[in-house]
Amino acid sequence: MDQKSFHANEISKSFGALQVLDNVTLNVNPGEIVGLLGPNGAGKSTFINILAGYEKQDGGTVVVEGKPLDGLKPNARARAGIARTFQSGRLFGNLTVAENVALGAIGLGESGKVAHERSESILEILGIEKLSPHAAGSISHGNARLVGLARAVAAHPKYLIMDEPAAGLNEDEAPRLLQALEVIRKNIGCGMLLVEHNVKLVTQACSRVVVLATGILIFDGNPRDALNNADVKTAYLGNAGVH
Amino acid sequence: MKHGGVTKFSIQNLLGPIIVLILLTHFVGGASTSLQLVTQMALCLFVMVLALQVFVGNSGVLSFGHGAFALIGSYVSAILTAPVNIKDNALSMNQLWEPLVSPQVNIYVALVISAAVSGLIAAITGIFLMRLNGLAAGIATFALLGVAYNVFFNNKKIGPGSQALPGVPLIDNNWILLLLAVLSLILVYFINISRIGRTLRATREDAMAAPALGISIFKVRLIAFIISGAVAGLSGGMYSHVAGTFQVQDYYLEFTFITLSMLIVGGSASIWGALVGTFLITAVGQVLLMMEQDLPVFGIQVQIPLGSRAVIIALTFVAVLLWRSGGITNGKEFRIPKLKKIS
Ligand SMILES: Nc1ncnc2c1ncn2[C@@H]1O[C@H](COP(=O)(O)OP(=O)(O)OP(=O)(O)O)[C@@H](O)[C@H]1O
Ligand SMILES: [Mg+2]
């Protein structure tokens, strides 16, 4: 394990009798984009919630750059350099797009001026600067996903966790997301954990992929190998969520 | 529906409501003796609604407890300025606690102390209240009002109990009251556009997403609650120097209902909303009061049954909640138009 990496070690979690995560260990290195695949209900969002402090694990530890995060609240983890997006978007609907993104920096204590500049430049890099003055609740679903990403990136995080950013995107929008990820990798350089159903997107965006099935990590390796792995195929068999 | 709130400093946004306030004070406040008193009271209420705006408007957490801060502010200012002989006479039968009889300070020093004491009480209570959410928060703030009211209503050692403390020196000057209102407005404006205001609105919009951006909901709510409590304290203090008395009953259920109506009807997301709500409900209330008393309104005499006033204001309140949840102003600030240069 790299001293600078984001590391989840042997994470377990049950909801009542239902074991959702079973000894899941995952490492994301600086600047690396890791894909996390898994069918519906595999425990992906639960895992993210544990990493970001929204849910408490039953066992295991989460460490960033050698510093344990266990017991820290979500806002403290954000300050430690962990940014996240939500499966359901969760933009500040009545605030403008520019303000949504600026808040990503303001929340971490940047001045209003810096936040404003960052918001402008990130929206421009993502090619959605025209949306700035619009209320975030009024823009299209595809654009909202990008704004959610922009807001998380505005914090200049060390690690960015994304919960199905491509969910609900159409054929035209998905490539824009792929582009955005590339731009973020180049400009911010943060390590990324990309949770996705969209296998195509994951294989294109990620250098490494892990597969979660009913709480157990069944694969960790090269994206191309994942597609040919027997266990992975079985886990996905008959699952309508795979494209 | 837009409850966005302003984020960048704009002199036009700041001057807009100030100019309207000056015009109202000059034309309405100067029209007659009775309108002067109504205007003075409206200025006090406006400061109270500003206090509600900065906390409730930005956080989205409804507070039924701010009457407690107005009550404390009013009490502090009254007890510090009422003449010693009045405190001695009027309260001797009430066994007022000895050390409270002699203190005498200047009205304006008293107002500053009012705001400070109310802010302090807001800080102490806020440490507990600001950990609550939703319904629990509403009920707990209501409990705060209940506790404050009952402590003062029943305890004659600290104040007049159920009676009034008369002889509180008057600020019988529209312009001084206006100045206090404008200072409060400027303070609230800068809080609204500050980091506190902006992050607080983020927590209002989505309490789950805000912490992911490093925002501590507890911390920003607490800071706003303290500032809001201090401004409410100032409002209560001002009111005691307009009414010339301090009376616990003035800051209880009706006060809480009316001031929250002003905020919601005007539009809780902006200072302009606070201003429109305060003066509109004051005006409507005044007209209805005259009708209840069978007095002519602009030469026309319409009598309505006693109690209609409260019913009509309540219905307006409900109508706004149903059909225009952003209030009359719907989150907009009033801007004075830019002066065009003639070339
Ligand atoms: N708070 C909770 N209480 C009880 N059960 C839960 C809770 N949260 C999640 N679960 C259950 O845990 C399992 C994993 O859920 P999770 O949301 O982590 O899956 P996921 O991999 O993100 O699925 P999807 O692809 O549909 O988003 C599911 O069976 C879900 O019903
Ligand atoms: Mg999920």
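Every heavy atom of this structure was used, including side-chain atoms; hydrogens, water molecules and symmetry mates were not. Residue numbers start from 1 in every chain, and the chains themselves are labelled A, B, ... in the order their sequence lines are given, proteins ahead of strands.
- For the atom pair CG (A:Asn75) and CZ (B:Phe218), the distance works out to 11.5 Å, reported to the nearest 0.5 Å.
- Salt bridge annotation for B:Glu205-B:Arg201: absent, with no cationic side-chain nitrogen under 4.0 angstrom from a carboxylate oxygen.
- Ranked by heavy-atom pairs shorter than 4.5 Å toward chain B, the options A:Ala52, A:Ala155, A:Gly109 are led by A:Gly109.
- Looking at A:Arg151, both its backbone and its side chain come within 4.5 Å of chain B, counting heavy atoms on both sides.
- Aromatic ring centres of A:Tyr54 and A:Phe86: separated by under 6.0 Å.
- Note on A:Glu99, A:His116, A:Arg79: by heavy-atom pairs under 4.5 Å with chain B, the leading option is A:Glu99.
- In terms of the salt bridge (charged side-chain N to carboxylate O under 4.0 Å, His left out) criterion, A:Lys13 has no residue partners (sequence neighbours excluded).
- Among the candidates A:Leu108, A:Ile106, A:Thr85, the residue making the largest number of heavy-atom pairs closer than 4.5 Å to chain B is A:Ile106.
- Side-chain atoms of A:Asn27 and A:Glu32 include no donor-acceptor pair closer than 3.5 Å.
- Contacts of A:Ala98 with chain B are absent, with no heavy-atom separation under 4.5 Å from either backbone or side chain.
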